[in-house]
Colleague: 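Sending over a structure as structure tokens; questions will come in a sec.
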Amino acid sequence: MDALKSLVQPLVGGMASSSMVDGMKLVVLGGTVETARRVSSSAWSHFVNSFFLTASFSDEDMPYEWLMLWLSRRPEWQRSREFETTTRTTTVGLSARTNGGTELEDDEPDDPEDELTPGKQKLKVVFQPTFDSTHTIYYKGHWLRVRRTKKNDGVEVLSISVVARSNSVLKQLVLEAKKDYEAEAIHRVQIYFADSHGSWRWTDSRHKRPMSSIVLNPGVKEVLLNDARDFLRSEKWYADRGIPFRRGYLLHGVPGSGKTSLIHALAGELMLDIYVVSLSASWINDSTLTTLMGRVPARCILLLEDLDAAFTRSVTRDAGSTGAPTANNKDAANGTSSSNRSNSNDQGNQLSDTNTLSLSGLLNSLDGVAAAEGRILFATTNHLERLDPALSRPGRLDVWVEFKNASKWQAELLFRNFFPSAESEEMVLTPEEVQAIEAGLSSPPSPVQSSSSLSGMSESDTAFAPPPPTLEHAIQAPLTASRLAELAKKFAESIPNEEFSVAALQGYLLKNKTRPEAAAFEAAEWVISEREMRERLKREKEERDRKERLDRERRRREILEREEKERVEKEAKERDRLREVLEEERKERKDKAKADKEKEAQDKSDAASREKENAEPEATESTTETTSEPSETTDTQSTPAESVADGWEKASAGDSKET
Ligand SMILES: Nc1ncnc2c1ncn2[C@@H]1O[C@H](COP(=O)(O)OP(=O)(O)OP(=O)(O)O)[C@@H](O)[C@H]1O
């Protein structure tokens with residue numbers, strides 16, 4: 001301190017007061033402390049950078065999902081002192097869990113009213129650590145530093161750092177998280193969609209659909225399932241014979257017949273993920289498709305939706321559309337590039353010309369060198385007639401399955417699947433419920449009644465409320481197996497063979513989901529009303545088409561008339577212009593002739609005067625006779641402009657005669 005004083009003393013001289021010295025001391029001390037803090041902090045980050053191994057995971061990739069699920073189960077993650085709250089719709093399944101909030105969400109008991117307001121989306125509050133906060137988690141003898149950050153483009157990144165000599169602990173962690181995730185995903189099918197950059201993006205995870213819920217004519221499901229299973233077991237068989245290990249299925253037929261549903265059910269059964277490309281996407285082209293095909297994993301289902309779009313580039317799924325090849329799709333079918341698609345502006349239903357997918361590009365992507373092996377390809381189309389036979393070559397689409405409208409057999413089975421029977425396990429009623437049904441009592445208080453009493457409505461007010469639900473609506477007594485069979489038969493009898501899609505029948509049953517009896521007995525009526533509606537829609541469509549045709553015709557006529565009028569006006573203008581030119585020429589000629597005559601006269605008089613002077617009168621007379629002739633002929637000759645104008649006049653005279 002004395003040293004500091006002796007340093008300061010000469011600066012402030014004898015005037016230095018003790019308070020000033022104290023102030024200086026404080027400054028020096030503060031500076032020292034701050035410098036020490038900075039040095040230690042930079043030393044720490046240097047230490048971290050040199051000894052910590054760091055792995056980063058972007059939320060655009062699956063490992064992020066695995067790790068978020070893993071973290072959500074760690075108590076350290078849940079005990080975060082800085083957390084954010086967010087709401088999300090409650091979705092049963094992984095996507096909800098992987099937000100890292102399953103264990104952290106509010107513990108509020110489910111509101112019984114939610115049960116009574118079907119369709120209402122339930123929001124829950126999720127607590128999760130804030131971005132940019134660091135958490136320390138102990139894992140297999142190592143301290144992990146976990147940090148979640150958000151980049152400017154909105155992409156979330158999870159960084160995990162660990163002090164270790166090798167990165168094996170991080171690898172172990174990722175593998176463990178993956179295993180946990182897969183254990184969780186065993187009952188779900190992961191869906192990936194292609195993006196315009198040629199990458200696959202995980203999009204959804206759906207509950208597996210039981211094969212039994214797919215209603216197809218006998219044998220179809222079994223054949224497909226066995227074939228796919230057999231294929232997956234036969235890698236060596238293919239390798240031994242040098243055959244590319246690929247198998248393709250084409251599901252074609254009417255919309256709403258179960259093509260997509262069957263693929264989902266098969267994926268669940270075979271424990272495969274689904275990779276979907278929609279060929280009607282505007283950005284799809286040869287090179288993106290080839291890149292995508294090369295990037296599918298070895299064991300998966302690759303689903304090409306709307307295969308016909310690759311041939312026609314048509315986005316319409318209108319049943320009335322014939323699918324007749326257009327100039328463009330002929331090119332495509334010939335295997336030539338469809339880059340000349342820019343001519344297609346006149347085709348209302350054609351995609352933009354940025355779409356350059358060709359048949360050869362599609363075929364190459366299916367079985368070219370870059371195509372992945374081991375995948376099962378499924379392609380769907382509603383328009384088989386638009387496809388090229390080249391697709392049926394082995395290794396491309398080996399098995400073709402047609403999907404038709406529902407047969408009577410399918411209608412019956414669909415009905416049976418839809419309604420529970422007393423023997424089925426799904427519907428287990430409590431003894432009270434059974435008692436209530438037997439006693440013919442109404443179900444528990446209806447939502448309308450309870451809400452009206454809550455809002456203070458008087459007894460008489462209930463007259464304005466909708467009627468309370470009947471027993472039939474509230475609790476559906478399970479049917480006995482024999483009654484269910486009877487009703488299913490009755491339903492199938494009322495449904496005409498292969499006239500309605502399974503989706504349409506499902507829609508009808510859904511409307512009657514609590515009324516199996518009514519569903520069976522009113523089916524014939526529904527068929528009639530559906531037919532009438534179809535007829536009406538058909539008539540309306542025809543009327544619309546007719547109007548559009550007339551409109552088009554009228555517009556075409558108007559355009560033709562306008563063009564004709566413009567042509568006539570143009571010709572008249574041209575005639576006028578030529579006439580003016582002609583007039584000017586005539587005038588010029590006259591002026592010229594006049595000037596010539598005057599000049600001639602002048603010359604003559606000059607010559608006469610000269611002759612007079614020379615006294616030779618005979619020579620002057622003969623010169624006058626010969627020079628007067630050319631001026632007469634000039635008048636009678638027509639110039640080129642005159643002849644063109646004459647032509648125009650003659651032509652227009654002819655035109656006017658014709659009209
Ligand atoms: N054969 C079927 N068995 C069970 N459900 C079916 C069947 N066909 C259709 N459905 C039901 O109808 C709806 C539409 O079916 P899906 O999407 O599988 O038909 P699709 O043939 O793929 O139609 P699109 O060609 O229009 O894509 C789904 O809800 C599905 O459950």
Colleague: Quick one: are K236 and D240 in side-chain contact, heavy atoms under 4.5 Å?
Modeller: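 Sidechains of D240 and K236: in contact.
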Colleague: Heavy atoms only: give me the nearest F403-S257 pair and the separation to one decimal.
Modeller: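 Heavy-atom minimum between the residues: CB-OG, 3.1 Å.
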Colleague: Give, for atom CG of L362 and atom CD1 of I284, the distance between the pair rounded to the nearest 0.5 Å.
Modeller: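 L362 CG to I284 CD1: 9.5 Å, rounded to 0.5 Å.
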Colleague: Rounded at 0.5 Å granularity, tell me how far CE in M211 sits from CG in L216.
Modeller: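 Between atom CE of M211 and atom CG of L216 there are 8.0 Å.
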Colleague: Whether the N405 and S501 side chains hold a donor-acceptor pair (N or O, under 3.5 Å, no angle test) is what I'd like checked.
Modeller: no
Colleague: Testing the 3.5 Å rule here: is there a donor-acceptor pair between the side chains of H264 and R209?
Modeller: no
Colleague: Can you see which heavy atom on N417 is nearest to which on S213, and at what distance?
Modeller: ND2-CA, 4.1 Å
Colleague: May I ask you to decide whether E553 forms a salt bridge with R556, counting only side-chain N to carboxylate O separations under 4.0 Å?
Modeller: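 Result for this pair is yes, salt bridge flagged.
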Colleague: Within the distance-only criterion (no hydrogens, no angle test), does the side chain of D230 pair as donor or acceptor with the backbone N or O of N226 below 3.5 angstrom?
Modeller: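 Not confirmed, D230 side chain does not pair with N226 backbone.
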Colleague: For a salt bridge (charged side-chain N to carboxylate O under 4.0 Å, His left out) check, start with the C-alpha distance between R246 and D398, then their side-chain angles and the critical distance, and finish with the verdict.
Modeller: CA-CA 9 Å; R246 289 192 279 260; D398 315 82; over 6 Å; no
Colleague: For residues L170 and L53, determine if any side-chain heavy atom of one lies less than 4.5 Å from a side-chain heavy atom of the other.
Modeller: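 L170 vs L53: side chains touch.
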Colleague: Residues two or more places apart in sequence or in another chain: which of them pass side chain to side chain contact (heavy atoms under 4.5 Å, CB included) with S287?
Modeller: N285
Colleague: Apply side-chain contact (heavy atoms from CB on, under 4.5 Å) to residues I376 and L232 and explain how you reach the verdict.
Modeller: CA-CA 9 Å; I376 298 183; L232 290 172; 4.0 Å; yes
Colleague: What are the two closest non-hydrogen atoms of T381 and K259, and how far apart are they?
Modeller: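 Looking at all heavy atoms of both residues, the shortest contact is O-CE, 3.9 Å.
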Colleague: Can E156 and F57 be said to form a side-chain contact (heavy atoms from CB on, under 4.5 Å), step by step?
Modeller: CA-CA 8 Å; E156 287 181 23; F57 306 89; over 6 Å; no
Colleague: What is the distance from atom CG of L71 to atom CG of L158, rounded to the nearest 0.5 Å?
Modeller: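 Here the interatomic distance stands at 6.0 Å.
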Colleague: L144 versus L173: any side-chain heavy-atom pair under 4.5 Å?
Modeller: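 Contact flag for L144/L173 side chains = yes.
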Colleague: Looking only at heavy atoms, which two atoms of N217 and S407 are closest? And how far apart?
Modeller: OD1-OG, 2.9 Å
Colleague: Please find out if less than 6.0 Å separates the ring center of W70 from that of Y139.
Modeller: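 For W70 and Y139, the ring centres are under 6.0 Å apart.
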Colleague: Mind checking the CD1-CD1 spacing from I214 to I263? Nearest 0.5 Å is all I need.
Modeller: 10.0 Å
Colleague: Tell me whether the NZ or CZ atom of R201 lies within the 45° cone about the ring axis of Y192 and under 6.0 Å from its centre.
Modeller: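 Checked: cation-pi criterion not met.
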Colleague: Quick one: closest heavy-atom pair of L279 and D306, and the distance?
Modeller: CB-O, 3.7 Å
Colleague: Taking the basic N atoms (NZ, or NE/NH1/NH2) and the acidic carboxylate oxygens, is any pair closer than 4.0 Å for E543 and R546?
Modeller: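 Salt bridge between E543 and R546, a charged N being under 4.0 Å from a carboxylate O: yes.
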Colleague: Of all heavy-atom pairs between T291 and G198, which one has the smallest distance, and what is that distance?
Modeller: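 Closest heavy-atom pair between T291 and G198: CG2-O, 3.9 Å.
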Colleague: Using ring centroids (six-membered ring only for Trp), state whether Y238 and F245 fall under 6.0 Å.
Modeller: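 Close enough - the centres of the two rings lie under 6.0 Å apart.
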Colleague: For S161 and T54, which I'm curious about, is there any donor-acceptor pair between the side chains at under 3.5 Å?
Modeller: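 Checked: S161/T54 side chains pair up, N/O donor to acceptor below 3.5 Å.
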Colleague: Under the 3.5 angstrom rule, does the side chain of W400 hit a backbone N or O of H252 as a donor-acceptor pair?
Modeller: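 Not at all, since once roles are kept as given, no pair shorter than 3.5 Å links the two residues.
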Colleague: Exactly one of N364, L357, L359 should register a side-chain contact (heavy atoms from CB on, under 4.5 Å) with D286. Which one does?
Modeller: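 The passing option is L357.
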Colleague: If you draw a 6.0 Å radius around NZ in K140, do more than 12 non-hydrogen atoms from other residues or ligands fall strictly inside?
Modeller: yes
Colleague: Taking the side chain as every heavy atom from C-beta outward, state whether I274 and Q190 have any pair of such atoms under 4.5 Å apart.
Modeller: no
Colleague: Take T134 and R145, measure what side chain to side chain donor-acceptor pair (under 3.5 Å) needs, and give me the verdict at the end.
Modeller: CA-CA 6 Å; T134 305; R145 294 174 77 238; 4.7 Å; no
Colleague: Using a strict threshold of under 4.0 Å (side-chain N to carboxylate O), is an ion pair present between R229 and E269?
Modeller: yes
Colleague: If the threshold is 4.0 Å, N to carboxylate O, is there a salt bridge linking E530 and R534?
Modeller: no
Colleague: In Å and rounded to the nearest 0.5 Å, what is the CZ to CG distance from R544 to L537?
Modeller: 8.5 Å
Colleague: Going through the distances and angles, do Y181 and E65 end up as a side chain to side chain donor-acceptor pair (under 3.5 Å)?
Modeller: CA-CA 8 Å; Y181 185 92; E65 304 290 330; 5.1 Å; no
Colleague: Salt-bridged, R299 to E373, with N to O below 4.0 Å?
Modeller: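 No, R299 and E373 are not salt-bridged.
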Colleague: Is there side-chain contact between R148 and Y64, with at least one heavy-atom pair below 4.5 Å?
Modeller: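 A side-chain contact under 4.5 Å exists here.
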Colleague: Find the distance between CZ (R74) and CG (L67) and round it off to the nearest 0.5 Å.
Modeller: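 If we round to the nearest 0.5 Å, R74:CZ and L67:CG are 11.5 Å apart.
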Colleague: Check side chain to side chain contact (heavy atoms under 4.5 Å, CB included) between F193 and all other residues, then give those that pass, not counting sequence neighbours.
Modeller: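 So F193 forms a side chain to side chain contact (heavy atoms under 4.5 Å, CB included) with I191, T203, V276.
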Colleague: Does the distance from a Lys or Arg side-chain N to an Asp or Glu carboxylate O, for E182 and K178, drop under 4.0 Å?
Modeller: yes
Colleague: So, D545 and R549, do they make that salt bridge, N to O below 4.0 Å?
Modeller: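 No, this pair does not count.
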Colleague: Does any non-hydrogen side-chain atom of L266 lie less than 4.5 Å from one of F378?
Modeller: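 F378 vs L266: side chains touch.
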Colleague: Run the side-chain contact (heavy atoms from CB on, under 4.5 Å) check on T380 and L304 step by step: do they pass?
Modeller: CA-CA 6 Å; T380 63; L304 294 185; over 6 Å; no
Colleague: If we ignore hydrogens and angles and just use 3.5 Å, is the side chain of R188 paired with the main-chain N or O of S205 as donor and acceptor?
Modeller: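 Side chain of R188 to backbone of S205: a pair is present.
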Colleague: Yes or no on side-chain contact (heavy atoms from CB on, under 4.5 Å) for V277 and L289, after CA distance, side-chain angles and deciding distance?
Modeller: CA-CA 8 Å; V277 192; L289 193 64; 4.1 Å; yes
Colleague: Residues two or more places apart in sequence or in another chain: which of them pass salt bridge (charged side-chain N to carboxylate O under 4.0 Å, His left out) with D61?
Modeller: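 Residues passing salt bridge (charged side-chain N to carboxylate O under 4.0 Å, His left out) with D61: none at all.
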Colleague: Is the closest side-chain heavy-atom distance between D180 and W66 below 4.5 Å?
Modeller: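 Counting from C-beta outward, D180 and W66 never come under 4.5 Å.
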Colleague: Determine whether L377 and Y249 make a side-chain contact, defined as any pair of heavy atoms from C-beta on separated by less than 4.5 Å.
Modeller: no
Colleague: Would R531 and E499 pass as an ion pair if we require N to O under 4.0 Å?
Modeller: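 So R531 pairs with E499 through a salt bridge.
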Colleague: Within the side chain of K404, is there an N or O that forms a donor-acceptor pair under 3.5 Å with the backbone of V254?
Modeller: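 No, because the side chain of K404 does not come within donor-acceptor range (under 3.5 Å) of the backbone of V254.
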